[in-house]
Amino acid sequence: MNRAELVEILASKNDLTKAAAAAVLESFIETVQTAVKKGDAVQLVGFGTFKSAKRAARTGKNPSTGAALKIPASTVPKFVAGAKFKAVVDPKAAKRKAEKAGK
């Protein structure tokens, strides 16, 4: 699914124009990006959490030459799916986890 398809679905499910749905989607994305950039986590219960994670500096390898190279430390965005989202994507795994917790 791409952005245009998502906007179309949002518009039809919420009785909005495509322009209004696109504006809502854009404001949501900007809000999440701004919060994560500041270092805050955006937690949507049942869906997941958007946050930033720090990667330490490390030594990598150039795949074509095999030469070692230094990869600098960086901050990257991270998404962790929530339990309900995981259960929708893989119901069998959710069932196994529930059975394991019940024992």
Side-chain angles (χ1 to χ4, degrees):
M1 176 182 301
N2 63 28
R3 184 185 205 104
E5 292 169 337
L6 181 58
V7 166
E8 193 172 318
I9 291 170
L10 288 172
S12 66
K13 284 193 173 190
N14 295 291
D15 196 28
L16 298 170
T17 64
K18 285 185 184 179
V24 169
L25 179 61
E26 186 61 34
S27 65
F28 171 76
I29 291 170
E30 287 176 10
T31 303
V32 170
Q33 288 173 342
T34 302
V36 172
K37 182 178 179 181
K38 288 191 316 189
D40 297 335
V42 177
Q43 185 175 8
L44 304 172
V45 176
F47 182 69
T49 304
F50 298 91
K51 58 186 173 181
S52 62
K54 297 195 182 302
R55 284 191 182 162
R58 61 195 189 280
T59 303
K61 187 170 95 170
N62 183 332
S64 60
T65 65
L69 53 109
K70 293 180 182 176
I71 301 171
S74 63
T75 303
V76 295
K78 184 176 181 182
F79 176 75
V80 180
K84 187 175 178 182
F85 188 21
K86 289 179 184 178
V88 169
V89 173
D90 189 1
K92 290 180 183 177
K95 183 178 177 186
R96 286 191 304 266
K97 186 174 181 179
E99 289 173 354
K100 187 176 179 181
K103 288 185 178 182

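Residue numbers run from 1 in the order of the sequence given.
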Chemist: Listed by chain and number, what are the side-chain contact (heavy atoms from CB on, under 4.5 Å) partners of Thr59, not counting sequence neighbours?
Modeler: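 With neighbours one apart ignored, the set is Ala68.
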Chemist: Members other than Leu16 in its cluster, when Ile, Leu, Val, Met, Phe, Trp, Tyr link by side-chain heavy atoms under 4.5 Å?
Modeler: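 Same cluster as Leu16: nobody, lone residue.
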Chemist: Could I get the full list of side-chain contact (heavy atoms from CB on, under 4.5 Å) partners for Ala11, not counting sequence neighbours?
Modeler: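 Once residues adjacent in sequence are excluded, the partners of Ala11 under the side-chain contact (heavy atoms from CB on, under 4.5 Å) criterion are Lys18, Ala21.
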Chemist: Around atom CG of Asp15, are there more than 12 heavy atoms from other residues, nucleotides or ligands closer than 6.0 Å?
Modeler: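 Atom CG in Asp15 is not crowded, with 12 or fewer foreign heavy atoms closer than 6.0 Å.
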Chemist: Tell me, please, which residues at least two apart from Glu26 pass side chain to side chain donor-acceptor pair (under 3.5 Å).
Modeler: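 Glu26 satisfies side chain to side chain donor-acceptor pair (under 3.5 Å) with Arg3 once adjacent residues are dropped.
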Chemist: To which residues is Val76 joined in a hydrophobic cluster, defined by side-chain heavy-atom contacts under 4.5 Å among Ile, Leu, Val, Met, Phe, Trp and Tyr, whether direct or through other members?
Modeler: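 When side chains under 4.5 Å apart are linked, Val76 ends up in no cluster with other residues.
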Chemist: Any side chain to side chain donor-acceptor pair (under 3.5 Å) pairs touching residues 30-49, not counting sequence neighbours?
Modeler: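 Qualifying pairs, neighbours excluded: none.
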Chemist: Quick one: hydrophobic cluster around Leu44, which other residues, with the 4.5 Å side-chain cut-off, linked directly or via members?
Modeler: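 Met1, Leu6, Val7, Ile9, Leu10, Leu25, Phe28, Ile29, Val32, Val36, Val42, Phe47, Phe50, Phe79, Phe85, Val89, all in the cluster of Leu44.
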Chemist: Please name the pair of heavy atoms, one in Ala41 and one in Lys51, separated by the smallest distance, quoted to 0.1 Å.
Modeler: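 Shortest heavy-atom separation between Ala41 and Lys51 comes out as CB-CB, 4.0 Å.
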Chemist: Please list all pairs passing the salt bridge (charged side-chain N to carboxylate O under 4.0 Å, His left out) test where one or both residues lie in residues 52-74, with sequence neighbours left out.
Modeler: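 Qualifying pairs: none.
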Chemist: Using the side-chain contact (heavy atoms from CB on, under 4.5 Å) criterion, which residues pair with Ala93? Sequence neighbours excluded.
Modeler: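 Scan of Ala93 (side-chain contact (heavy atoms from CB on, under 4.5 Å), adjacent residues dropped) gives Asp90, Arg96.
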Chemist: Please, which pairs that meet side chain to side chain donor-acceptor pair (under 3.5 Å) have at least one residue in residues 73-82, sequence neighbours excluded?
Modeler: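 Checked against side chain to side chain donor-acceptor pair (under 3.5 Å) - neighbours excluded - no pair reaches residues 73-82.
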Chemist: Using the side chain to side chain donor-acceptor pair (under 3.5 Å) criterion, which residues pair with Ser27? Sequence neighbours excluded.
Modeler: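 With neighbours one apart ignored, the set is empty.
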